[in-house]
Amino acid sequence: MGSNPIGPTESVRAGYGTLPADNHVHSQWSHDTGPRASMTAACARAVELGLPAVAFTEHLDFTEWGPGDPISGTGITPNDQWGPRPFDVDGYLSSVDECRGRFPSLRILSGAEAGEPHLFAASAGAIVRGNAFERVLGSLHAVPYKGRLVAADALFGEMSDDAVMRYYFAELVDLIEGSDLFQVLAHLDFPRRYWPKGAHLYREEPFEDEYRAVLRALASTGRVLEVNTKSPLASVDQIRWWREEGGTAVSFGSDAHLPRRVGDRFKLAVDVVEAAGFKAGRDPFDFWRV
Ligand SMILES: [Zn+2]
Ligand SMILES: [Zn+2]
């Protein structure tokens, strides 16, 4: 893991047993952040909150692909609504180094949020493995639909709201089974963020079978479920399903795109995860475990 020095500081001690590490933060190096995103300010916020660690998991997305990517040869065309500027890995890593020097009491992990890693295995793998990233998230933001890769939320209106979720969950199982690049599955019900406002509220129960299929696939590979606090918060039932399907570890992620969002709603998320039977791991930097 990281080489930054960990001193027995007050903030580390305060973090243990209170707030977990934030394993999902974006900084100015992600293609979808604005001018107020700052790695330095995000670290300062983490220290202020007493978080033991923070991982900068910048977006790793592709609108072009190489011959080693499973998407090549499928005839699927790129998602032109989500046009990432290339990830400047060298610039990013030098910011991480600078922050490690500036915030010695905070453990700072390098990382990436690999979008659709089952489709971009070679392109994403070259960057993640080539730079020995420490915290790698797997994410599904876009799904193949009618020959194109489209943002998952764009499916609302194309089919029933329930069908959107089922379409997403089915692709997510393919992502888990088709990629070993990532350690933590991010925001497993991502389109829920865009659930149409109206008479019917989003409920997890109608999708219990689909959630369980995703969780079973993830647990069978020994990986980690994220509780994402930018999305509507997971219920205790959802985290219990995770445990029942064999899940043993939970990661907390604010998915902050602004420094003030680091560690957002973590106290509430901790209550949910504890109620489902998980507790702080081996040390303050660990995942929460059964
Ligand atoms: Zn994401
Ligand atoms: Zn994210």
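These values consider heavy atoms only, across backbone and side chains, with no hydrogens, waters or symmetry-generated copies. Whatever order the structure lists ligands and atoms in, that order sets their numbers, starting from 1.
- Using a 4.0 Å cut-off between charged side-chain N and carboxylate O, Glu244 and Arg240 make no salt bridge.
- Metal site remark for the Zn ion (ligand 2): His59 contributes no N, O or S atom at a distance under 2.8 Å.
- Counting heavy atoms from C-beta on, the side chains of Tyr168 and Phe207 never come closer than 4.5 Å.
- The side-chain heavy atoms of Leu181 and Arg129, taken from C-beta on, include a pair separated by under 4.5 Å.
- Annotation: angle subtended at the Zn ion (ligand 2) by Glu113 OE1 and His26 NE2 is 90°, to 10°.
- Between the Zn ion (ligand 1) and His187 there is an N/O/S contact shorter than 2.8 Å.
- None of the N, O or S atoms belonging to Asp255 lies under 2.8 Å away from the Zn ion (ligand 1).
- A cation-pi geometry, defined here as NZ or CZ lying under 6.0 Å from the six-membered ring centre and within 45° of its normal, does not hold between Arg192 and Tyr202.
- Within the 2.8 Å limit, His141 places at least one N, O or S atom next to the Zn ion (ligand 1).
- Checking His24, Arg265, His187, Arg193 one by one against Lys230, the side chain to side chain contact (heavy atoms under 4.5 Å, CB included) holds for a single residue, Arg193.
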